[in-house]
Amino acid sequence: MQNIAVIGAGTMGNGIAHVFAQSGHKVNLIDLSDDALSKGMKTIEKNLDRMLAKEKITENDKTATLQNISTFTTLKDGVTNVDLVVEAASEDLNIKLNIFKELDAICDQKTILATNTSSISITQIAAVTNRPQKIIGMHFMNPVPMMQLVEIIRGYSTSDETTDQIMKLSTELGKTPTEVNDYPGFVANRILMPMINEAIETLYNGVAGVSEIDTVMKLGMAHPMGPLQLADFIGLDVCLSILNVMYDGFKKPKYAPCPLLVNMVMAKKLGVKSGEGFYDYSESRKAEKVSRQFL
């Protein structure tokens with residue numbers, strides 16, 4: 001599997017393109033606009049420069065990685081003659097279903113179609129294609145170049161052959177693939193999101209403040225960052241979307257998003273990406289200053 005297409009040049013997409021290209025694969029990075037592609041490529045170059053400064057790669061490694069990536073604004077052109085497509089578009093069911101319908105129509109029948117979704121059903125996505133056995137989830141973690149885990153999700157009809165190929169490929173990227181079955185939230189978010197939601201409930205109920213909640217979890221539970229900081233990093237809109245998928249899928253109250261989370265998303269206080277969430281990021285991307293509304 002040498003030729004890879006990645007759909008979406010945002011945070012996850014450019015990270016996925018980076019790791020494939022750095023591993024020697026030819027990557028077609030696809031997005032709707034040249035501006036999005038330019039931003040994605042600048043992020044990849046910046047991340048490579050950071051690795052270069054830490055002597056994790058050489059200047060030749062950086063050059064080769066960038067040369068392995070080609071950019072496209074047209075889906076059909078970008079997925080021609082590729083072995084694998086990894087979709088990393090918005091976490092929106094209708095967007096993903098439309099993309100996979102189009103991919104199924106234009107891609108060679110041998111091409112495996114993967115999605116980087118963090119919660120949406122692989123089986124539901126596969127159902128809009130004529131190749132359900134070749135549809136699989138590759139849930140990379142953010143930041144992709146640094147995080148070792150890839151959650152490999154089998155849909156109801158995903159074949160053993162497809163799964164084995166993607167597990168092997170993920171290992172070749174230097175990642176640790178972990179196979180899971182297709183249920184709402186998979187494993188990572190089924191466990192993580194209720195914890196984040198409970199931290200928000202704890203704040204909402206006045207049990208403790210933002211920094212106090214995060215300090216307890218960092219120092220008491222050895223978490224590298226607190227759940228409220230992590231929610232800001234992921235994006236509060238993404239957290240809400242995942243919780244809604246799990247609540248709809250399981251119909252259990254424990255997955256219902258906290259009203260505070262719902263209100264913050266409606267107010268566009270989305271975390272790092274918007275400059276404010278539980279913390280204020282107007283001066284620094286580090287969670288050093290609690291948002292004024294929680295003081």
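Every value quoted in this text rests on a predicted model; they were computed, and no experiment measured them.
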Please report the shortest heavy-atom distance between [X] and [Y], naming the atom on each side.
X	Y	value
N28	V82	ND2-CG1, 3.9 Å
F278	I200	CZ-CG1, 3.6 Å
P227	M195	CB-CE, 4.0 Å
I95	S90	CD1-CB, 4.0 Å
G10	D31	N-OD2, 4.3 Å
L203	L228	CD2-CD1, 4.4 Å

Would you say [X] has more than 12 foreign heavy atoms packed within less than 6.0 Å of its [atom1]?
X	atom1	result
D77	CG	yes
L32	CG	no
F250	CZ	yes
Q2	CD	yes
K110	NZ	yes
D108	CG	yes
M146	CE	no

Find out whether [X] and [Y] are in side-chain contact, i.e. whether some heavy atom of one side chain is under 4.5 Å from a heavy atom of the other.
X	Y	answer
H139	L149	no
M225	M217	no
S170	Q165	no
Q22	P145	no
P177	I166	no
H25	L84	no
D104	R131	yes
E91	S119	yes

Under a 3.5 Å threshold, yes or no: a donor from one side chain and an acceptor from the other, between [X] and [Y]?
X	Y	answer
E172	S23	no
Y204	N263	no
T115	E87	yes
D214	S211	no
T58	N60	no

Measure the spacing between [atom1] of [X] and [atom2] of [Y] and express it to the nearest 0.5 Å.
X	Y	atom1	atom2	result
M246	F186	CE	CZ	10.5 Å
N197	Y247	CG	OH	11.5 Å
Q229	I196	CD	CD1	11.0 Å
L270	D232	CG	CG	9.5 Å
N47	L52	CG	CG	12.5 Å
K101	N130	NZ	CG	11.5 Å

[Y] backbone acceptor or donor facing [X] side chain under 3.5 Å:
X	Y	answer
N116	A88	no
K175	M147	yes
S159	T162	yes
S241	D237	no
T123	G155	no
T74	K76	no

(request) Decide yes or no on side-chain contact (heavy atoms from CB on, under 4.5 Å) for L261 and L243, but give the supporting numbers first. (result) CA-CA 10 Å; L261 174 61; L243 283 164; 3.6 Å; yes
(request) Could you give me the CA-CA distance, side-chain angles and deciding distance for R154 and D160, then say whether salt bridge (Lys or Arg N to Asp or Glu O under 4.0 Å) is met? (result) CA-CA 9 Å; R154 294 185 64 138; D160 291 339; 2.8 Å; yes
(request) Please list, chain by chain and in numerical order, all residues satisfying salt bridge (charged side-chain N to carboxylate O under 4.0 Å, His left out) with D35, sequence neighbours excluded. (result)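 Applying salt bridge (charged side-chain N to carboxylate O under 4.0 Å, His left out) to D35 gives K39.
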(request) Assess whether side-chain contact (heavy atoms from CB on, under 4.5 Å) is satisfied between I106 and L75, documenting all intermediate values. (result) CA-CA 9 Å; I106 61 181; L75 188 63; 4.1 Å; yes
Could you see if [X] belongs to whatever hydrophobic cluster contains [Y]? Use Ile, Leu, Val, Met, Phe, Trp, Tyr and a side-chain cutoff under 4.5 Å.
X	Y	result
I135	F140	no
I99	V27	no
V86	I125	no
I152	L173	yes
Y281	L295	yes

(request) For side-chain contact (heavy atoms from CB on, under 4.5 Å), just list the numbers for H18 and V144, CA-CA rounded to whole Å, side-chain angles, deciding distance to a tenth of an Å, and then say yes or no. (result) CA-CA 8 Å; H18 175 158; V144 180; over 6 Å; no
(request) Verify salt bridge (Lys or Arg N to Asp or Glu O under 4.0 Å) between K268 and E276, making sure each step is shown before the conclusion. (result) CA-CA 9 Å; K268 301 189 184 306; E276 184 180 359; over 6 Å; no
(message) Could you go through I44 and M41, starting from their C-alpha distance and side-chain angles, then the distance that decides it, and tell me whether this counts as side-chain contact (heavy atoms from CB on, under 4.5 Å)?
(response) CA-CA 5 Å; I44 293 171; M41 291 302 298; 4.1 Å; yes
